[in-house]
Amino acid sequence: MKQIKENTSRRSFLKTGMVIAGGVVATGLLKPFNGVVFAAKEPKGDGPWYGIGIDIEKCIGCGRCAKSCKKENDVPMEPFFFRSWVEQYTIKNNGEVKVESPNGGLDGFTQTVPQEEIFKSFFVPKMCNHCSKSPCVQVCPVGATYESPDGVVLVDDKYCIGCKYCVQACPYGCRFLNPEKKVVDKCTLCYHRIKKGLKPACFETCPTGARIFGDLRDKEGELVNFIRDHTCMVLKPNLNTGSKLFYNALSMEVR
């Protein structure tokens, strides 16, 4: 009898174990249902809980997202200071992976690998993952980094002491010390815009619709439909950060 109980338990686990640590599974099995399985736990409340979707198959590496982000948020124009940037991944026939991001993709890309050596190549936009269990929030000694009620991770300039603990804690490399303000800078999802009902600048200027911004609580909204209809995953799911940046067509080479 005990053995039968164990087997039943295992079968139940296999049927329901759809969640991958820190990520999301949206397979064909979920399509008939009005919902998506998220590993990031939705907080209590009735307001929006913002998330992001990026369709790698649609990104053309034009760099408009990085350019509009800098202009909208007064980010220093020098290289290495980016709230949003694009990386080009080139997989060679011999299995070697080459990652390039000249000036954050601000000026577009030129392929540096001979065509005959390329197995495949694609672009991956990067930005803050606005995690629900953000390591950066946890390590800030003065509470300058925090998560807003609607799920956006922000930095309060008035409290930040520039210690850079959060810069080191972010596993996605999304933070930097602003050389002019001497405080930590990062993507805010253009919080000043979304509070007015506008899209973040990088989403507004994407010419191919590769970026999707929306409310994860809105089960019929554009973002949830995007996750439902595609095989979406998050970066570094093993870290269990509760990332709310979901990629379609995320290749195993992306880090």
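What you see below is based on every heavy atom in this structure, not just the backbone, and it leaves out hydrogens, waters and symmetry mates. Start at 1 with the first residue, then count along the sequence.
To the nearest 0.5 Å, atom CG of residue Leu223 and atom CD1 of residue Ile227 are 4.0 Å apart. Put simply, OG on Ser121 and NZ on Lys92 are 11.5 Å apart, with the number rounded to the nearest 0.5 Å. Going from atom SG of Cys65 over to atom CD1 of Ile54 covers 8.0 Å, rounded to the nearest 0.5 Å. Summarising the geometry, atom CD1 belonging to Ile56 is positioned 7.5 Å from atom CG belonging to Asn248; distances are rounded to the nearest 0.5 Å. The CG atom of Leu189 lies 13.0 Å from the NZ atom of Lys199; values are rounded to the nearest 0.5 Å. Taking NZ of Lys164 as the reference point, atom SG of Cys170 lies at 14.5 Å (rounded to 0.5 Å).
Looking at Thr241 and Pro135, their side chains come closer than 4.5 Å, going by heavy atoms from C-beta outward. Looking at heavy atoms from C-beta onward, Glu116 lies out of side-chain contact with Ile118 at the 4.5 angstrom threshold. No side-chain heavy atom of Phe246 sits under 4.5 Å from any side-chain heavy atom of Ile52. The side-chain heavy atoms of Pro43 and Arg217, taken from C-beta on, include a pair separated by under 4.5 Å. Under the 4.5 Å side-chain criterion, counting only non-hydrogen atoms from C-beta, Gln111 is in contact with Thr90. Contact of the Val86 side chain with the Ser101 side chain is not registered, since no non-hydrogen atoms from C-beta on lie closer than 4.5 Å. When side chains are defined from C-beta on, Met127 counts as touching Cys187, because their heavy atoms get closer than 4.5 Å. In this structure the side chain of Ser84 never reaches within 4.5 angstrom of the side chain of Pro125, judged on heavy atoms.
Counting all heavy atoms, side chain and backbone alike, Gly162 lies closest to Leu177 at CA-CD1, 3.9 Å. Taking every heavy atom of both residues into account, Pro76 and Asn178 meet most closely at CD-ND2, 3.9 Å. Closest heavy-atom contact between Cys69 and Val75: O-CG2, 4.2 Å. For Cys190 against Ala201, the heavy-atom pair with the smallest separation is SG-N, 3.4 Å. Of all heavy-atom pairs between Leu216 and Val224, the closest is O-CG2, 3.7 Å. The minimum heavy-atom distance between Leu250 and Leu235, with the atom names listed, is CD1-CD2, 4.0 Å.
Residue pairs meeting the ring-ring contact (aromatic ring centres under 6.0 Å, His included) criterion with at least one member in residues 58-109, sequence neighbours excluded, are Phe81-Phe176, Tyr89-Phe122, Phe109-Phe123. Sorted by first and then second residue, the salt bridge (Lys or Arg N to Asp or Glu O under 4.0 Å) pairs involving residues 172-185 (not counting sequence neighbours) are Arg83-Asp185. Pairs passing the salt bridge (Lys or Arg N to Asp or Glu O under 4.0 Å) check and including a residue from residues 53-80, sequence neighbours excluded, read Glu72-Arg193.
Residues satisfying the side chain to side chain contact (heavy atoms under 4.5 Å, CB included) test with Ser134, not counting sequence neighbours, are Cys131, Cys136, Val137, Val153. Considering only residues two or more places apart in sequence or on other chains, Cys160 meets the side chain to side chain contact (heavy atoms under 4.5 Å, CB included) condition with Ala144, Val155, Val183, Val184. Take Lys195 and apply the salt bridge (charged side-chain N to carboxylate O under 4.0 Å, His left out) test, not counting sequence neighbours, and it matches Asp150. With sequence neighbours left out, the salt bridge (charged side-chain N to carboxylate O under 4.0 Å, His left out) criterion links Glu117 to no other residue. Every residue was checked against the salt bridge (charged side-chain N to carboxylate O under 4.0 Å, His left out) condition with Glu253, not counting sequence neighbours, and none meets it. Partners of Thr112 under the side chain to side chain contact (heavy atoms under 4.5 Å, CB included) rule, at least two apart in sequence or in another chain, are Lys98, Glu100. Phe203 meets the ring-ring contact (aromatic ring centres under 6.0 Å, His included) test with Phe213; sequence neighbours excluded. Not a single salt bridge (charged side-chain N to carboxylate O under 4.0 Å, His left out) links Glu147 to another residue, sequence neighbours left out.
Other residues sharing a hydrophobic cluster with Met77 under the 4.5 Å side-chain heavy-atom criterion for ILVMFWY residues are Leu106.
Side chains of Ser148 and Tyr50: no donor on one and acceptor on the other come within 3.5 Å. Asn103 and Asp107 form a side-chain donor-acceptor contact under 3.5 Å, judged by distance and modelled atom types alone. When only modelled atom types and interatomic distance are considered, Asn240 and Lys133 share a side-chain donor-acceptor pair under 3.5 Å.
Within the 3.5 Å criterion, the main-chain N or O of Pro171 finds a donor-acceptor partner in the side chain of Lys236. For the pair Asn94 (side chain) and Glu96 (backbone), a donor-acceptor distance under 3.5 Å is present. Within the 3.5 Å criterion, the main-chain N or O of His130 finds a donor-acceptor partner in the side chain of Lys244. Although no hydrogens or angles enter the test, the distance criterion places a donor-acceptor pair under 3.5 Å between the side chain of Asn225 and the main chain of Glu220.
Linking ILVMFWY side-chain heavy atoms closer than 4.5 Å, directly or via other members, places Tyr165 and Tyr172 in two distinct hydrophobic clusters.
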* Would Trp49 and Asp215 count as a side chain to side chain contact (heavy atoms under 4.5 Å, CB included) if you check the C-alpha gap in whole Å, the side-chain angles of each, and the deciding distance to 0.1 Å? -> CA-CA 5 Å; Trp49 192 47; Asp215 180 4; 4.2 Å; yes
* To do: Under the side chain to side chain contact (heavy atoms under 4.5 Å, CB included) rule, what do His230 and Phe226 come out as? Steps first, then yes or no, please.
  => CA-CA 6 Å; His230 297 82; Phe226 168 76; 3.5 Å; yes
* Asked: Step by step, would you call Lys186 with Val167 a side chain to side chain contact (heavy atoms under 4.5 Å, CB included)?
  -> CA-CA 10 Å; Lys186 65 174 290 295; Val167 175; over 6 Å; no
* **Intermediate values then yes/no, side chain to side chain donor-acceptor pair (under 3.5 Å), Thr205 and Arg211** => CA-CA 10 Å; Thr205 57; Arg211 291 170 174 256; over 6 Å; no
* Verdict with reasoning, Tyr159 to Thr145, per side chain to side chain donor-acceptor pair (under 3.5 Å) -> CA-CA 9 Å; Tyr159 286 92; Thr145 289; over 6 Å; no
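With respect to Asp156 and Lys158, a salt bridge is recorded, a charged nitrogen being found less than 4.0 Å from a carboxylate O.
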